[in-house]
**Q** 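Sharing a structure with you now.
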Amino acid sequence: MILHELIDYETLRIIWWLLLGVLLIGFAVTDGFDLGVGALLPFVAKTDTERRVAINSVGPTWEGNQVWLLLGGGAIFAAWPPLYAVSFSGFYLAMFAILFALILRPVAFKYRSKRESARWKAGWDWALFIGGFVPSLIFGVAVGNVLQGVPFRFDDDMRIYYEGSFFGLLNPYALLCGLLSVAMLAMHGAAWLQLKTSGVVAERARSYGSLAALATIVLFALGGLALWYGVDGYRITSEIDPIGPSNPLLKTVDHGTGVWFANYGNHPWMMAAPIFGFIGAIATLLSMTARREVAPLLFSKLAIFGIISTVGVSMFPFILPSSLDLRSSLTVWDASSSHMTLFVMLIAVLIFLPIVLAYTAWVYRVLWGKVDEKTVNDKNGHAY
């Protein structure tokens, strides 16, 4: 038997769909609180010292957290080439805005305290805000557009044509998803701040985090209602071949209102995803109100897991529907790399992902503890 045939093609496709979800959730859970802290910076910290406390709560770990974004992009490129080609071409300007904001963040971390000028520091503080708010918003807007379908098509030679525009991405439902993403990550950032800081910064984080948790609950519910009543979902109407060739044009697709909810009727266990989303956000709100420290962070992670998983299980087996040419829609069954490629990559993941997880856990253990004014004002320290 050839080695890669130890796992059949259908199973590998499912495994890589799950791994893509793991990487996206991993990014949101880790770098998500970094983005949330940046978005909350003007609100939770009023003085220079307070801002330094907030910044230094994420300063030692934000670079390592961004590894999950790189892993996610790499996984899309290698495991789902058509998805990479369409999304990184069609969302080019949106991706540029995200990268610009993410580039601002490390520059702001490094240069903010290079001068004592209040105007200089304020400028970099706004750069940190942009570096947190803009990616949070655009990631959510992108998900909202994916749920609605993206205007692309393949010709008979499998060349990709994208016929949308940047401003076309900013439609009402996508903006609703963008606001949900901002609220969710702000909630997560606040949960991190009230755990890692003390005093007035932690108190403000608790207040704003409670509002963000409430907004997350409301916006998640509104997103679901809009998906049921106003946003068409997609379904395959031809015979499905889970081990067929990676050619989207070999199937037929239909769409209609409420179709994204069909999986919950066919597989009731999938209801766990939205339930986790609501329970996590509600528990975050209650634990913040009760002035807990560790619990809000754990529950906000549960909310993120549930909300992102809801998108995945609602759309399965679709990973990028096409609103322009329904049959061009990309699914788990017709948009993957070859059997051998998926197998080799899986071996690499099984080797290196545990190393990444172990290193991440070790870093957080070493850097555990609260950040306070004494820490950031220590002349012998390495605070930003």
Side-chain angles (χ1 to χ4, degrees), residues 24 27-28 31-32 35-36 38-40 42-43 69 86-102 104 126 129-152 162-190 208-209 211-234 255 257-261 274 277-278 281 300 303-304 306-312 314-315 318-324:
L24 294 176
F27 169 69
D31 204 38
L35 299 177
L40 288 171
F43 308 101
L69 179 61
V86 174
S87 58
F88 280 72
S89 298
F91 296 161
Y92 181 80
L93 289 178
M95 294 290 182
F96 181 83
I98 290 173
L99 289 176
F100 175 76
L102 292 178
L104 273 181
W126 281 108
F129 169 77
I130 292 171
F133 177 81
V134 170
S136 301
L137 178 68
I138 295 181
F139 282 133
V141 167
V143 171
N145 279 280
V146 168
L147 284 166
Q148 296 175 92
V150 177
F152 73 94
Y162 179 81
E163 300 186 16
S165 66
F166 174 76
F167 292 103
L169 299 175
L170 304 178
N171 56 76
Y173 184 74
L175 290 173
L176 173 63
C177 292
L179 292 176
L180 171 58
S181 176
V182 171
M184 179 181 73
L185 297 183
M187 171 186 71
H188 198 42
Y208 284 106
L211 292 175
L214 181 60
T216 300
I217 297 166
V218 173
L219 291 170
F220 189 36
L222 289 176
L225 289 173
L227 206 61
W228 178 265
Y229 290 107
V231 176
D232 282 355
Y234 296 75
H255 65 112
T257 305
V259 172
W260 283 144
F261 288 81
F278 280 114
S300 67
I304 290 172
I307 291 171
I308 295 178
S309 297
T310 297
V311 176
S314 297
M315 292 180 58
F318 289 89
I319 52 178
L320 188 63
S322 170
S323 59
L324 188 63

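Residues: numbered from 1 along the sequence shown. Everything numeric here is computed off the predicted structure, so don't read it as measured data.
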**Q** Quick one: pull up CG in Leu93 and CD1 in Ile138 and give me the separation to the nearest 0.5 Å.
**A**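 Here the interatomic distance stands at 10.0 Å.
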**Q** Below 4.5 Å, heavy atoms only, C-beta onward: do His255 and Ser323 meet side chain to side chain?
**A** no
**Q** Would you name the heavy atoms of Met187 and Ala212 that are closest together and state the gap between them?
**A** N-CB, 3.6 Å
**Q** Using atom types as modelled and distance alone, determine if a side-chain donor or acceptor of Tyr229 lies under 3.5 Å from a backbone N or O of Gly224.
**A** no
**Q** Over 60° means perpendicular and under 30° means parallel, so classify the ring planes of Phe133 and Phe129, tilted if in between.
**A**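 The rings of Phe129 and Phe133 lie parallel, inter-plane angle below 30°.
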**Q** Where is the tightest heavy-atom contact between Val134 and Ala97, given as atom of each residue plus distance?
**A** CG1-O, 4.1 Å
**Q** Can you check whether Ser136's main-chain N or O pairs, donor with acceptor, with Ser181's side chain at less than 3.5 Å?
**A** yes
**Q** Between CZ of Phe318 and CG of Leu147, what distance do you get to the nearest 0.5 Å?
**A**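 It is 12.5 Å, given to the nearest 0.5 Å.
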**Q** Apply the test side chain to side chain contact (heavy atoms under 4.5 Å, CB included) to residues Ile307 and Thr216: give CA-CA distance (whole Å), side-chain angles for both, the deciding distance (0.1 Å), then the verdict.
**A** CA-CA 10 Å; Ile307 291 171; Thr216 300; 3.8 Å; yes
**Q** State, with a plain yes or no, whether a side-chain heavy atom of Tyr162 is found less than 4.5 Å away from one of Val150.
**A**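 Side chain of Tyr162 against side chain of Val150, heavy atoms only: contact under 4.5 Å found.
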**Q** Side-chain contact, heavy-atom cut-off 4.5 Å: Leu24 with Ile304?
**A** no
**Q** Answer yes or no: is there a side-chain heavy-atom contact under 4.5 Å between Asp232 and Val259?
**A**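 Sidechains of Val259 and Asp232: no contact.
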**Q** Just wondering, do Phe261 and Leu227 contact through their side chains at under 4.5 Å, heavy atoms?
**A**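 The answer is yes; the side chains approach within 4.5 Å.
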**Q** Picking from Leu169, Leu180, Val141, what satisfies side chain to side chain contact (heavy atoms under 4.5 Å, CB included) with Leu175?
**A** Val141
**Q** Any idea which heavy atoms bring Leu40 and Ala190 closest together, and the distance?
**A** CD1-N, 3.6 Å
**Q** Would you name the heavy atoms of Ile130 and Ala101 that are closest together and state the gap between them?
**A** O-CB, 3.8 Å
**Q** Given the rule in the side chain to side chain contact (heavy atoms under 4.5 Å, CB included) test, do Leu137 and Leu35 qualify, once you have shown the distances and angles that lead to the verdict?
**A** CA-CA 10 Å; Leu137 178 68; Leu35 299 177; over 6 Å; no
**Q** Is Thr310 close to Phe220 at the side-chain level, that is, under 4.5 Å between some pair of heavy atoms?
**A** yes
**Q** For Phe88, I'd like to know if atom CZ has over 12 heavy atoms of other residues, nucleotides or ligands within 6.0 Å.
**A** yes
**Q** Could you tell me how the ring of Tyr208 sits relative to the ring of Phe43: parallel (under 30°), tilted (30 to 60°) or perpendicular (over 60°)?
**A** tilted
**Q** Would you check if Trp126 and Pro42 make a side-chain contact, meaning some heavy-atom pair closer than 4.5 Å?
**A**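 Yes, close enough: below the 4.5 Å cut-off.
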**Q** Find out whether Phe139 and Leu185 are in side-chain contact, i.e. whether some heavy atom of one side chain is under 4.5 Å from a heavy atom of the other.
**A** no
**Q** Compare every heavy atom of Met315 with every heavy atom of Leu320, then report the nearest pair and how far apart it is.
**A**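 Closest approach of Leu320 to Met315: N-CE, 4.4 Å.
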**Q** Give the minimum heavy-atom separation between Gly223 and Tyr173, together with the two atoms involved.
**A**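 Closest approach of Gly223 to Tyr173: O-OH, 3.3 Å.
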